[in-house]
Amino acid sequence: MNSTEAAALLGHCAAFDNRQPSKVAAQAWAAALHDVPFDQDTRDAVAAYYTTAPQDPNQRLWILPHHVRTLRSKIRSARLENFAYEPPDPDETPAEFLARYRGQVQAIASGRVPAPTNRPALDGPPHRAVAELLSGTVRPADTPDGPEPRPPTERPASGPLGVICPDCAAPIGRSCKSSWRHKPCRPHAARRRAAAGEPIRLTTQAEMDAVRRLAANHLDTIEEQP
């Protein structure tokens, strides 16, 4: 794009944003878009920019050269969405492939050749390994060999641990907790009687206080020993 073409592009932009094109602005746009031709895709890029509303309703749309370049590239890439190279000669050389490939891409991207409307489909049957996997005759790679492991089952608790402790409310399978430091301890008498089907007698507060005093005296005796 030269300065004359950039001036025409700025005039096209002015129809949308009422800018005042100048010779200096045309020279600047020509320098920024020196490798972008002034064609219909460039004009459509300007229209696409002003078709989209800004995120901020109070913001004024003002197109810049990088907007033109980006939107023009998107317009041309959209035509190539379903493109698939069609070799005219199966025995073509690498140099011929590159030349023909670039020619087909340029022709479709520019709009000279209509863009394909259908996505290219794979020819032929699926690979043998894929067919076997789909038929269910083989196991996926991440499937372990041998029979499926049985889910682990917890052995039900028996004896005093098979019932809830009436004294400290320890659940089934869990140890009782002492009333002093709430540490695991042997099953309470009430729990043992409940497991045996005998009448339950809960530990009284006086009995618990007596246990606490005995434990405290025992600790004091240990601390006083040299």
Legend entry - Between CG on residue L61 and SG on residue C13, distance to nearest 0.5 Å: 12.0 Å
Inset, instruction - Compare all side-chain heavy atoms of I172 with those of V163 and state whether any distance is below 4.5 angstrom. - result: no
Legend entry - Verdict with supporting geometry, Q106 and R76, side-chain contact (heavy atoms from CB on, under 4.5 Å): CA-CA 9 Å; Q106 178 64 24; R76 297 171 68 86; 3.3 Å; yes
Legend entry - Of W62, Y49, Y50, the residue whose pairing with D17 passes side-chain hydrogen bond (donor to acceptor under 3.5 Å, both in side chains): Y50
Inset, instruction - Find the distance between CZ (R174) and CG (L161) and round it off to the nearest 0.5 Å. - result: 11.0 Å
Inset, instruction - Measure the spacing between CG of L71 and OG1 of T42 and express it to the nearest 0.5 Å. - result: 10.5 Å
Inset, instruction - First locate atom CZ of R186, then atom CZ of R192, and finally report the distance between them rounded to the nearest 0.5 Å. - result: 4.5 Å
Legend entry - Check: P160 main-chain N/O paired with R191 side-chain donor or acceptor under 3.5 Å: yes
Inset, instruction - Before accepting this row, confirm whether a basic side-chain N of the pair D41/R79 lies closer than 4.0 Å to the acidic partner's carboxylate O. - result: yes
Inset, instruction - Check S175 against P184 and note the closest heavy-atom contact, atom names and distance. - result: CB-CB, 4.2 Å
Inset, instruction - Check whether any side-chain heavy atom of H67 sits under 4.5 Å from a side-chain heavy atom of L64, and report yes or no. - result: yes
Inset, instruction - Determine whether I75 and V46 fall in the same hydrophobic cluster, where Ile, Leu, Val, Met, Phe, Trp and Tyr are linked whenever their side-chain heavy atoms lie under 4.5 Å apart. - result: no
Legend entry - S77 side chain to S73 backbone, donor-acceptor under 3.5 Å: yes
Legend entry - Inter-residue atom distance C168.SG - K177.NZ, 0.5 Å rounding: 8.0 Å
Inset, instruction - Count the heavy atoms of every other residue, nucleotide or ligand shown that sit under 6.0 Å from CD of Q59, and state whether that count exceeds 12. - result: yes
Inset, instruction - Report the C-alpha separation of D44 and R72 in whole Å, then their side-chain angles, then the decisive distance to 0.1 Å, and conclude whether the salt bridge (Lys or Arg N to Asp or Glu O under 4.0 Å) test is met. - result: CA-CA 7 Å; D44 292 342; R72 182 179 182 274; over 6 Å; no
Inset, instruction - Say whether, by atom type as modelled, one donor and one acceptor occur between the side chain of E96 and the main chain of T93 under 3.5 angstrom. - result: yes
Inset, instruction - Can you measure from CH2 (W29) to OG (S22) and round to the nearest 0.5 angstrom? - result: 11.5 Å
Legend entry - Polar side-chain atom of E5 near backbone of N2 as donor-acceptor pair, under 3.5 Å: yes
Inset, instruction - Identify the two heavy atoms, one from M1 and one from V36, that lie closest to each other, and give their separation to 0.1 Å. - result: CB-O, 3.1 Å
